[in-house]
Amino acid sequence: MNEIKRVEISEEWAHSAIVDTGNFIFISYCMKNEGQSIKEQINGAFDVLSERLNTVGLTLESVVKMDCLFKNISDLEVLGEIIKDRFQGKYPARKAYETKFIREGISFQVDAIAFRK
């Protein structure tokens with residue numbers, strides 16, 4: 001690939017949700033189910049991540065790194081079981097952070113890097 005492809009560009013927030021560099025795909029702002037339980041928000045974020053990966057022909061198995069952002073870091077205990085279920089043993093490297101979100105109902109967001117063979 002000779003060019004970088006940017007997808008789901010937001011002029012308002014000045015970012016791209018997907019940046020495809022050929023071998024590496026960078027995906028940001030995956031969140032869903034705002035205001036619902038932490039389990040629903042984590043699963044929703046992984047649904048969005050999976051949908052975005054599908055647009056470039058990849059699956060969750062291609063994810064090599066994730067940054068998991070929590071409103072309350074104590075919710076980290078929920079993450080492991082969901083990752084086991086969703087990633088089926090193909091676990092990415094990951095970090096978890098506690099942060100403030102722009103809207104009150106957001107409790108989880110994930111950003112990821114995927115690898116294309």
If I take atom [atom1] from residue [X] and atom [atom2] from residue [Y], how far apart are they, to the nearest 0.5 angstrom?
{"X": "N72", "Y": "F108", "atom1": "CG", "atom2": "CZ", "result": "13.0 Å"}
{"X": "C68", "Y": "I73", "atom1": "SG", "atom2": "CD1", "result": "9.0 Å"}
{"X": "I82", "Y": "E40", "atom1": "CD1", "atom2": "CD", "result": "10.0 Å"}

Transitively linked via ILVMFWY side-chain contacts under 4.5 Å: [X] with [Y]?
{"X": "M66", "Y": "I38", "answer": "yes"}
{"X": "L49", "Y": "L58", "answer": "yes"}
{"X": "I9", "Y": "Y29", "answer": "no"}
{"X": "I83", "Y": "L69", "answer": "no"}

Pairs involving residues 105-115, ordered by first then second residue, that meet side-chain hydrogen bond (donor to acceptor under 3.5 Å, both in side chains) (sequence neighbours left out): Q109-D111
Presence of salt bridge, D47 and R86, under 4.0 angstrom: yes
Side chain to side chain, V7 and D20, heavy atoms closer than 4.5 Å: no
Heavy-atom side-chain contact between E81 and D85 under 4.5 Å: no
Heavy atoms from other residues, nucleotides or ligands near CD of E104 exceed 12 (cutoff 6.0 Å): no
Exceeds 12 heavy-atom contacts within 6.0 angstrom, atom NZ of K65: yes
R6 side-chain N/O to H15 backbone N/O, donor-acceptor pair under 3.5 Å: no
Centroid-centroid distance, F70 to Y97, less than 6.0 Å: no
Verdict with reasoning, F101 to K71, per side chain to side chain contact (heavy atoms under 4.5 Å, CB included): CA-CA 7 Å; F101 290 106; K71 179 178 180 179; 4.1 Å; yes
Qualifying salt bridge (charged side-chain N to carboxylate O under 4.0 Å, His left out) pairs with a residue from residues 94-103, counting only residues at least two apart or across chains: E34-R103
